[in-house]
Number of protein chains: 2
Amino acid sequence: MSGSPRHSRDDVSEMALRLLDEYGLPDLTMRHIAAALEVRASALYWHFPNKQALLASVSARILRPMEDVRVEDMTVSETVRRLGARLRECLLAYRDAAELVSSSLALGLVDSPVQPQLMAVTRRDGVPDSLSRVAAEAVMHFVVGYTFHEQQRLSADSFGLLPETTSSLNPEHANARPADGGDFEEALKMIADGLEVSARQHTETSAG
Amino acid sequence: MSGSPRHSRDDVSEMALRLLDEYGLPDLTMRHIAAALEVRASALYWHFPNKQALLASVSARILRPMEDVRVEDMTVSETVRRLGARLRECLLAYRDAAELVSSSLALGLVDSPVQPQLMAVTRRDGVPDSLSRVAAEAVMHFVVGYTFHEQQRLSADSFGLLPETTSSLNPEHANARPADGGDFEEALKMIADGLEVSARQHTETSAG
DNA sequence: ACCTGAACACCGTTCAAGT
DNA sequence: ACCTGAACACCGTTCAAGT
């Protein structure tokens, strides 16, 4: 059929995402990605300057569904909670996605997945951009960190590791026990409430 | 002088922390740590089962100053802000410390650096443990993620990278500009305020 | 108890050369 | 425009053997 199966940038990152989900981040090597595309590792350097850039394009792909969240009719608090919950869903959709996105975000190689939509709503409601940016950072870092930790526990469990540690039979370490799914939403609510308090303080100060 | 310079576990992690600060995480290899101790890489496997365990002991060392924070006389809100600020200081004290601690925390190889002291104060004030744990997670993940990003920007700047991107001359990307130091405390305040709102809601509900 | 020596099975990246 | 081939300079980890 196809005599010369040459690839696009998008082909590469699409395949990389598939391999990430199937084999995990430690096995997402340039050689494995290349092999899956029936190509040598050196060929990938025509499409990307280095591995970090390739991983950033995979991160952007993972975060793409964030764009579909419609926030027009939401309150500020609803928007914070909705964007946070959706971000967690995006990260849980692929194996090791939270770890990958965490480092791409820290390196500044992908845009904030929360800021644009949150800012649209806060501007509509007269909340200062500075507060909105801060809240977007708080939500983003909390969700990515929380889900990173959560995702590690999931794959540790599936590997059969931590058999007695996770069963929380040790009252000595009850304080250290991981939070469950409902705690995630509780934390988002805290940040949302905190943003509303700050916004209220701002309008009182500038109006009164 | 010393004929047989054999090492302890603590010697190894102390040297590893020095090398981390001097050369950064990518160069913190088993071979480099061993060489600095005048030993072969394989010798490290007598002290630690693998590299991740060694890195976890370095993380614990970085977080040790968290224990010195005295919270007895603080309000809940002050405690959140103080512990968050101190955590950031701990991470900024060594090169790439935030990235290292981020992964150790996600892997569950080090304890929460926020929870014990926050819980002491919230218990004193009758705030439910569940809320306290959630807030501790929010603070921890936010601070580590924020500082990870911040620290990457610092070393990118010192490397002379991102010369025009960081000078924020591009109005198109003004929304994406990184938050400054004051924004960090603003975000901690949001989480602290959110915790107080939740605590208030709880006591109202349970008291009638 | 603590370490060496040597090997195993890999990495990311570069670059001249091919088509 | 897109890729190969071959090399460079490394990795983490294991394990028999030494002292």
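Throughout, a chain's letter reflects where its sequence line sits, starting with A, and its residues are numbered from 1. Quantities reported herein were computed from a predicted structural model and do not represent experimental measurements.
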Are B:Arg81 and B:Ser77 linked by a side-chain donor-acceptor pair shorter than 3.5 Å? yes

Provide, to the nearest angstrom, the distance between the CZ atom belonging to B:Arg31 and the P atom belonging to D:dC10. 10 Å

Can you find an N or O donor on one side and an acceptor on the other, under 3.5 Å apart, linking the side chain of A:Thr29 with the base of C:dG12? no

Could you tell me the Watson-Crick or G-U partner of C:dA9, where both distances fall under 3.5 Å? Say none if there is no partner. none

note: A:Asp11, atom CG; D:dC2, atom P; distance rounded to Å ~ 11 Å

To the nearest Å, how far apart are B:Gln52 CD and D:dC11 P? 18 Å

Whole-Å distance between D:dT19 P and B:Arg6 CZ? 12 Å

If you find the nucleotide of DNA chain C closest to A:Asp27 and the one closest to A:Ser42, which residue's nucleotide is nearer the 5' end? A:Asp27

In whole Å, what separates the C1' atom of C:dA1 from that of D:dA17? 15 Å

Is there a donor in the side chain of B:Glu67 and an acceptor in the side chain of B:Gln117, or the other way round, less than 3.5 Å apart? no

If I take atom OH in residue A:Tyr45 and atom P in nucleotide D:dC2, what distance separates them, rounded to the nearest angstrom? 18 Å

Describe, in one word, how the ring planes of A:His141 and B:His149 are oriented to each other, choosing from parallel (under 30°), tilted (30 to 60°) and perpendicular (over 60°). perpendicular

Whole angstrom value for the distance that separates P of C:dT13 from NZ of A:Lys51: 8 Å

On a whole-Å scale, what distance lies between the C1' atoms belonging to D:dA16 and C:dC3? 13 Å

Side-chain atoms of A:Trp46 come closest, of D:dA1, C:dT13, C:dC3, to D:dA1

Testing B:Val144, B:Leu105, B:Leu91, B:Val69 for side-chain contact (heavy atoms from CB on, under 4.5 Å) with B:Pro113, which one passes? B:Leu105

Would you say a side-chain N or O of A:His32 is under 4.0 Å from OP1 or OP2 of C:dC11? yes

When the distance from CD of B:Glu38 to P of C:dG5 is rounded to whole Å, what number comes out? 14 Å

Over all heavy atoms of both residues, which pair between A:Gly84 and A:Val139 is shortest? Give the atoms and the distance, please. CA-CG1, 4.1 Å

Please report the distance separating the C1' of D:dC11 from the corresponding atom of C:dC8, rounded so that it comes out in whole Å. 12 Å

Between A:Arg40 and D:dC3, is there a contact of a side-chain N or O with OP1 or OP2 at under 4.0 Å? no

Can you tell me if B:His47 touches the phosphate of C:dC3, counting only side-chain N or O atoms and a distance under 4.0 Å to OP1 or OP2? yes

In whole angstroms, the gap separating P of C:dA1 from CZ of B:Arg9 amounts to 16 Å

Would you mind pulling out the nucleotide paired to C:dT19, Watson-Crick or G-U wobble, both distances under 3.5 Å? D:dA1

